[in-house]
Amino acid sequence: MEDTLAQHIRAALAQLPDLPAEFDPQAVAVEFQTPNNPEHGDLATNVALQLAKPLRRAPRQIAEAVASALGSVEGVAEVEVAGPGFINVRLAKDYVTAALAELLGQGERYGRVLDGEGKTAIVEYVSANPTGPLTVGHGRNAVLGDTVANLLEWTGYAVTREYYFNDAGRQMRVLGESVRARYEQLLNPEMPQKTLEDGTVVPASFPDDGYRGEYVADVARQLVEAHGEGLHEAKDETPFKQAAEKAVFAEIEATLQRLGVEMDEHFNERTVYDSGAVWNVVEELTKRDLAYEKNGATWFATGKLGKVETRDGAETPKDTVLVKATGEPTYRLPDIAYHLDKLARGFDRIVDVFGADHIATVPDVIRGVRVLAGDEAADRIEVLIYQFVTLVRSGQPVKMSTRKATYVTLDELMDEVGEDVTRFFFLMRSPGTHLEFDLDLAKEASEKNPVFYLQYAHARIASILRKATDAGLSAEGADLALLSHESAVSLIKELLRFPDEIRAAAEAMGPHKLATYLREVASAFSQFYRDCRILGEPEDVASARLALATATRTVLANGLAILGISAPQEM
RNA sequence: GCCCCUGUAGCUCAACAGGACAGAGCGUCGGCCUCCUAAGCCGAAUGUCCAGGUUCGAGUCCUGGCAGGGGUACCA
């Protein structure tokens, strides 16, 4: 519809007298919005206002000319010029009912759009190293990534969900050492102990920055059961590390499954070492004179690529370390190789979901990719940065650290508030805003959580449909033109926005937009429910209203499916 | 110091690539169940951090402050 109107508008513009020579009506971008004030019609455009300056004439004058050309467009009931020059369009009733019939026909496919048809996308998310259970912070990442992946699927993309991890770094070594210390302690409870700065009492061989979570001792216990003292002679922490990795990954997997997150691929960072891709990056950069040795380390000449450091108002080029003097690469190097790998796999869109602490590192990776694979390739990478989650308990912020075990796990959160609430809580806010998670509120007030509002509306409709079926009513062949009540009409219009809302949420990578929209749908339904009874009405009216209820359930169910939240039949 | 993100109702957050009187939830106050789920509906109150600027029009863009978070590492 919007495209049709846009074409008519361009045609009308072309008919205006005395157009400036450089003005091309076909090039005009015509934007429509759905006004928040119903008095302003169903669709509104501000083209006349936008064009006032280039056309050098009054906006209302342009608007009048355009408006008069839209009146005859099929499906348009009324066109008016309002305010400073807005063109407001009201849709014809039969256009609206025809669209509703179309919606009903599509059923569980309703809302799918074809923007990405035939294209592929990869979304990398979670990507927690196996050093401990997933925490609330990982939860935001997991749920955001998963939902963005869903949105891309609904917009036509074939999506791969990938979990990137590193089990070879320093963190893992410390974890292995932590397990070993606990293991030794189990074998010899009398062994010397020490007290860490936070008061924890640990075996003397426990690393000062070791992992203190209970799961570390659990792994140690399992090792004692399986091997007895057999590992006592191990020459390094390797067997302990491997046991820990296995146990932690199993737990992570279970947590994700519970959250409704299922990955397609797990990508081990080691892959880009084993294939030599990492050293290839260094070599290629060196060839281009963009990498060099200094003080025993290998540097990426990001300074030549525009990276600067500002101090006291003076800008100086800033290079970046790729390989430390110890021979150990920094994470940027494998990250570049990993992104080249994703590009080589041919994805049209490459989405990374990162916490705010990655903001500074992203540009380095992009620079590397740009140099080695070109602009087109680099532009295929999109990074969704989300701000941190602040946990609040008893009105106090909780400092979280996996090492110190002062974290709240995702499992604990789900135990307390449920999986649906957990997902919704992470999705209802824009990724760019800090998320304050008040545990007490989430626990105590979980019944008041907005997610129940959506689920309630769905359950209510399901109940009505059951009763209607029992009463022998059917929506089949309903005369939708009978839906004339104001509440019914605005509900229909709300439902018709669904595909656009999905597109908007996908483009912005902002699932919260969909969450907000679904609330509006539920609200519109509640009003319809209040004003228009179904059971007990004359059969033709009941049938039409039943069709509208069915359509509403479709939108709620499809929307909740995208958000990964259950749509209950009863509550 | 410098860079990035954020600052909207008592609290937590929306506001669709600047658009027409800034919207929800929770909380507060007041109404509504002889009728399909009251986990609901209806009504009331409270407002864009501060100072400039651009624009027909600014919560949205620019400049300068102030506040919170994150970066600025041969940690991830």
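It should be emphasised that the depicted structure is a prediction, and the values quoted were computed from it without experimental measurement. Chain A is the first sequence line, chain B the second, and so forth, proteins listed ahead of strands; every chain is numbered from 1.
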Practice prompt. Tell me whether the guanidinium CZ or amine NZ of R497(A) lies under 6.0 angstrom from the six-membered ring centre of Y517(A) and within 45° of its axis.
Written response: no
Discussion item. With syn defined as a glycosidic angle within 90° of 0 and anti as the rest, where does C33(B) land?
Written reply: syn
Worksheet item: Hey, does D531(A) reach any base, or is it just sugar-phosphate, or nothing, if we go heavy atoms under 4.0 Å?
Response: nothing
Worksheet entry | Dot-bracket encoding per residue of RNA chain B, Watson-Crick/G-U cut-off under 3.5 Å, | denoting interstrand | (((((((..((((.....[...)))).(((((.......)))))....(((((..]....))))))))))))....
Discussion item. Counting only side-chain heavy atoms from C-beta out, which of U55(B), A73(B), A38(B) sits nearest to K53(A)?
Written reply: U55(B)
Worksheet, complete the sentence: Of W299(A) and F86(A), the one whose nearest nucleotide on RNA chain B sits closer to the 5' end is F86(A)
Worksheet item: For S178(A) and R212(A), does a side-chain donor sit closer than 3.5 Å to a side-chain acceptor?
Response: no
Worksheet item: Within the structure shown, what part of the strands sits under 4.0 Å from A52(A) by heavy-atom distance: base, sugar-phosphate, or nothing?
Response: nothing
Worksheet item: What nucleotide among A20(B), G40(B), C35(B) has an atom nearest to a side-chain atom of R533(A)?
Response: C35(B)
Discussion item. Is a donor from one side chain sitting under 3.5 angstrom from an acceptor on the other, for Q455(A) and D420(A)?
Written reply: yes
Item to complete: Could you check whether E31(A) gets within reach of a base, just the sugar-phosphate, or nothing at all, counting any heavy atom under 4.0 Å?
Response: base
Worksheet item: Under 4.0 angstrom, heavy atoms only, what part of the nucleic acid is A297(A) near: base, sugar-phosphate, or nothing?
Response: base
Discussion item. Are A20(B) and H40(A) stacked, with the base six-membered ring and the side-chain ring centres under 5.5 Å apart and planes under 30°?
Written reply: yes
Practice prompt. Decide whether H358(A) and D352(A) meet the rule of one side-chain donor and one side-chain acceptor closer than 3.5 Å.
Written response: no
Worksheet item: Would Y163(A) and F267(A) count as a close aromatic pair, with their ring centres under 6.0 Å?
Response: no
Worksheet item: Which residue lies toward the 5' end of RNA chain B, P84(A) or A504(A), if each is placed at its nearest nucleotide?
Response: A504(A)
